[in-house]
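Right, one structure below, let's go through it.
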2 protein chains.
Amino acid sequence: MVTIYDVAKKANVSPMTVSRVINRSPSISEKTRLKVEAAIRELDYIPNKQARSLISKATRLVSLVIPDISNPFFTRLTRGAEDKALEAGYQLLLGNSDESADKEAQYIELLLSSGVDGVLLAPAGDGSAAALNKLTKRGVPFVFVDRIAEGAACDRVIGDNADTTGRLVRHLVSLGHRRIALVNGPSSISIARERLAAFREALQREELGFDPALVIETHFKQDNLEDIVRQLVTLAPEARPTAILAANNFIGVNTIRALRQLDLAVPEDISVACFDDPEPIPEYNPFLTVAAQPAYEMGYKGMQMLIERMERAAPDAPRTVVLASDIIVRRSTAAPPSSRL
Amino acid sequence: MVTIYDVAKKANVSPMTVSRVINRSPSISEKTRLKVEAAIRELDYIPNKQARSLISKATRLVSLVIPDISNPFFTRLTRGAEDKALEAGYQLLLGNSDESADKEAQYIELLLSSGVDGVLLAPAGDGSAAALNKLTKRGVPFVFVDRIAEGAACDRVIGDNADTTGRLVRHLVSLGHRRIALVNGPSSISIARERLAAFREALQREELGFDPALVIETHFKQDNLEDIVRQLVTLAPEARPTAILAANNFIGVNTIRALRQLDLAVPEDISVACFDDPEPIPEYNPFLTVAAQPAYEMGYKGMQMLIERMERAAPDAPRTVVLASDIIVRRSTAAPPSSRL
DNA sequence: TATCGTTATGTTATCGGTAACATGAACTTA
DNA sequence: TAAGTTCATGTTACCGATAACATAACGATA
């Protein structure tokens with residue numbers, strides 16, 4: 001391995017002078033600089049980041065911890081985070097928590113020893129708080145994206161769940177739906193709680209009753225939803241929902257799949273709308289009506305805020321950035337069967 | 001920051017003893033071990049990886065460099081690579097090359113200074129060779145997944161492009177197609193070359209002529225293919241293809257989108273088949289006939305081979321692993337219009 | 001009990017950089 | 001031309017861990 005000493009010897013200067021050249025110290029004569037730069041090139045010298053980190057206490061590594069990289073929503077978020085990180089000279093350590101607080105905690109433990117300078121996190125649930133305390137204790141800043149964990153006062157970039165849910169409900173109501181079901185994620189996850197609360201409020205605003213039987217909790221990940229959907233569509237006709245609101249793209253896709261297994265047509269028999277676009281085929285066969293959250297922007301903005309924290313360029317008080325969604329109406333929503341009689 | 005010295009002082013031993021406890025050296029008395037472990041717990045000590053790397057020359061960081069994480073094929077590959085890496089105690093640095101050899105080279109430069117122990121790479125093209133030479137020069141092992149770059153003798157995990165292409169062509173021919181177009185990726189990428197070669201051979205085997213006008217090169221990334229597809233479908237009737245083979249999932253999806261813009265129905269007017277599944281909605285509306293490559297396995301196996309290299313547990317000679325694909329016939333392929341008259 | 005062999009622990013030097021201080025050379029200025 | 005400045009460069013020590021060697025402690029053996 002070529003070290004700063006090899007370069008120094010070759011250029012006939014002290015290692016410190018080489019270090020100064022590398023770090024663009026102003027007090028270096030043009031002549032020495034050129035001499036050292038030539039030696040660096042000749043030896044193909046690359047500074048050792050580990051040695052540097054040992055002194056500077058900074059690794060220029062950041063981590064992005066997400067629940068599921070196979071979800072296109074998080075893929076786009078990752079792109080945004082990576083772009084911003086590279087732009088600012090940081091490298092990205094990727095971690096999947098698989099929606100498990102345990103795996104997440106394990107991963108954070110690992111990050112602590114890797115000496116990451118900061119963590120961008122879509123927490124698996126409120127159980128994340130304990131692991132996050134360790135980060136705080138070590139002075140490693142972190143920022144929430146998409147979701148938050150209760151009990152941690154930090155920057156966050158989140159979607160406007162209240163507004164988005166309200167608009168999705170209004171869209172369905174305007175088509176004539178009066179009984180809308182919500183297939184939600186686990187209530188241990190902030191966005192699931194927020195979407196449920198917003199759902200109740202939206203129903204109230206539309207002067208529709210809230211029926212707990214029409215709210216079902218499942219996972220945000222790929223799953224077979226046949227049982228859950230059957231439960232909804234086999235309710236008595238007057239209790240049966242005419243539309244299903246899915247709390248994320250996977251639930252949306254799997255709801256449609258389950259409906260098909262149950263021989264129900266979308267949107268003829270029942271309408272479906274969901275949060276987040278199931279890319280990469282959002283439109284080749286326009287199907288799901290969705291609330292498309294700005295995933296890339298969330299990642300980008302989240303990383304930006306994290307970098308500001310790491311570089312102590314942010315105010316002490318935690319900041320919250322709320323990003324709006326676009327409602328994209330496609331073919332999975334239509335007037336309910338009854339109104340078409 | 002809590003160091004090994006703090007622990008040593010607290011436990012009333014020398015730093016070396018603490019180091020021995022951490023590294024499970026056998027020659028440590030039970031009594032001392034417990035004492036030191038207590039101090040570690042009490043102080044919440046975490047070893048500093050940077051300092052360790054300085055001596056060991058190993059960072060336990062590996063990098064995965066892929067052309068495009070927004071492609072579900074690479075997402076699944078990433079999952080596989082990450083799972084295997086974590087299993088073996090390595091952490092994953094993620095890099096997107098965006099199909100650009102320049103970005104890739106820049107990224108590899110960055111990796112060199114981060115001191116990664118190895119690189120798993122789906123090269124952006126043959127232009128990658130130069131950057132890879134630098135890795136070789138520094139003794140950083142790398143392994144190709146999915147694609148290879150000419151001029152680098154290293155382990156590789158690739159799909160069986162010849163066989164897969166042959167089977168896709170046979171599927172189309174068996175439906176009655178005689179004129180099949182290939183919308184391929186850039187010929188600077190190995191899989192595009194292999195698929196083209198296999199395509200020619202398959203046509204020959206099926207005793208069909210090869211028409212260069214029916215082979216078009218485009219990008220593997222999201223793109224508007226309307227011009228390209230128009231070029232194909234506006235050929236004279238006797239020269240016009242009745243089926244299009246797309247060299248990856250994005251090209252497949254975008255071909256169908258383009259056909260729709262041109263008011264052509266799939267599969268009634270023209271059939272489409274492609275490599276790689278456009279997840280996450282492969283089946284909720286069965287559409288694309290695809291050759292599904294085992295992406296997860298590619299990532300997993302590739303990482304495994306890389307780890308073997310890094311830990312010098314592999315034979316010197318480069319190894320090649322070829323993984324077969326599944327042909328999944330869905331609704332985008334059918335008999336050509338003529339045969340249905 | 002003197003000697004030896006283990007086993008457990010400590011000391012010193014080092015990995016590759018850089019901060020902090022020291023020094024030397026060149027240039028002013030009186 | 002001697003003293004004071006300024007600028008360029010070198011020296012020394014240290015970041016946090018550990019390899020290599022040194023030594024202390026202990027029990028076994030004659």
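As the structure is a computational prediction, the values presented were derived from the model and not from experiment. Chain letters run A, B, ... following the sequence lines, proteins first, then strands; residues in each count from 1.
Atom CG in Leu34(B) sits roughly 15 Å away from atom C1' in dA8(C) (whole-Å rounding). For the pair Asn48(A) CG and dG17(C) P, the interatomic distance rounds to 5 Å; values are reported in whole Å. Going from atom NZ of Lys31(A) over to atom P of dA25(C) covers 13 Å, rounded to whole Å. Rounded to whole Å, atom C1' of dT9(D) lies 16 Å from atom CD of Glu30(A). Rounded to an integer number of Å, the gap from CE of Met16(A) to C1' of dG16(C) is 13 Å. Remark: C1' of dT14(C) and CG of Leu54(B) are 9 Å apart, rounded to the nearest angstrom. Note: CD1 (Ile4(B)) to P (dA19(D)) measures 11 Å, nearest angstrom. A straight line from CE of Met1(B) to P of dC14(D) spans 18 Å, rounded to a whole angstrom.
In this pair, Tyr300(A) and Tyr296(A) present their aromatic rings parallel. The plane angle is below 30°, not in the 30 to 60° band.
Closest approach to the Arg52(A) side chain among dG16(D), dA17(D), dG17(C) is made by dG17(C) (side chain taken as heavy atoms from C-beta onward). Here dG16(D) is the nucleotide among dG16(D), dT9(D), dT18(C) with the atom lying nearest to any side-chain atom of Lys57(A). The Ile55(A) side chain lies nearest to dG17(C) when the options are dA20(C), dG17(C), dA17(D). With dT11(D), dG17(C), dA17(D) as the choices, the nucleotide that has an atom nearest any side-chain atom of Tyr45(B) turns out to be dA17(D). Taking every side-chain heavy atom of Thr32(B) into account, dA8(C) is the closest of dC21(D), dG16(C), dA8(C).
At a threshold of 4.0 angstrom between heavy atoms, the contacts of Ser27(B) include nucleobase atoms, whether or not backbone atoms are also involved. Using a 4.0 Å heavy-atom criterion, one finds that Ile28(A) contacts the sugar-phosphate atoms exclusively. Nucleic acid contact for Thr17(B): sugar-phosphate only, since backbone atoms but no base atoms lie under 4.0 Å from a heavy atom of the residue. Using a 4.0 Å heavy-atom criterion, one finds that Ser53(B) contacts no nucleic acid atom at all.
Contact between the side-chain N/O atoms of Arg20(B) and the OP1/OP2 oxygens of dT18(D) is not found at any separation under 4.0 Å. Using a 4.0 Å cut-off, no side-chain N or O of Ser29(A) falls inside it from OP1 or OP2 of dA8(D). Residue Ser19(A) places at least one side-chain N or O under 4.0 Å from the OP1 or OP2 atom of dT18(C). One finds a side-chain N or O of Ser14(A) lying less than 4.0 angstrom from the OP1 or OP2 phosphate oxygen of dG10(D). Contact annotation: Tyr5(B) side-chain N/O to dC14(D) OP1/OP2 distance is not under 4.0 Å. Side-chain N/O atoms of Asn23(B) include one lying less than 4.0 angstrom from OP1 or OP2 on dT18(D).
With respect to the salt-bridge test (charged N to carboxylate O, under 4.0 angstrom), the residues Arg60(B) and Glu311(B) qualify.
Defined by atom type and a distance below 3.5 Å, a donor-acceptor pair is present between the side-chain atoms of Ser14(A) and Thr17(A).
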- Task: Step by step, work out the side chain to side chain donor-acceptor pair (under 3.5 Å) result for Ser100(B) and Asp102(B).
- Result: CA-CA 5 Å; Ser100(B) 142; Asp102(B) 268 9; 5.4 Å; no
- Message: Would Asp117(A) and Thr59(A) count as a side chain to side chain donor-acceptor pair (under 3.5 Å) here? Give the steps.
- Response: CA-CA 6 Å; Asp117(A) 293 344; Thr59(A) 55; 3.2 Å; yes
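A cation-pi arrangement is absent between Arg156(B) and Phe144(B) under the rule of less than 6.0 angstrom and at most 45 degrees off the ring axis.
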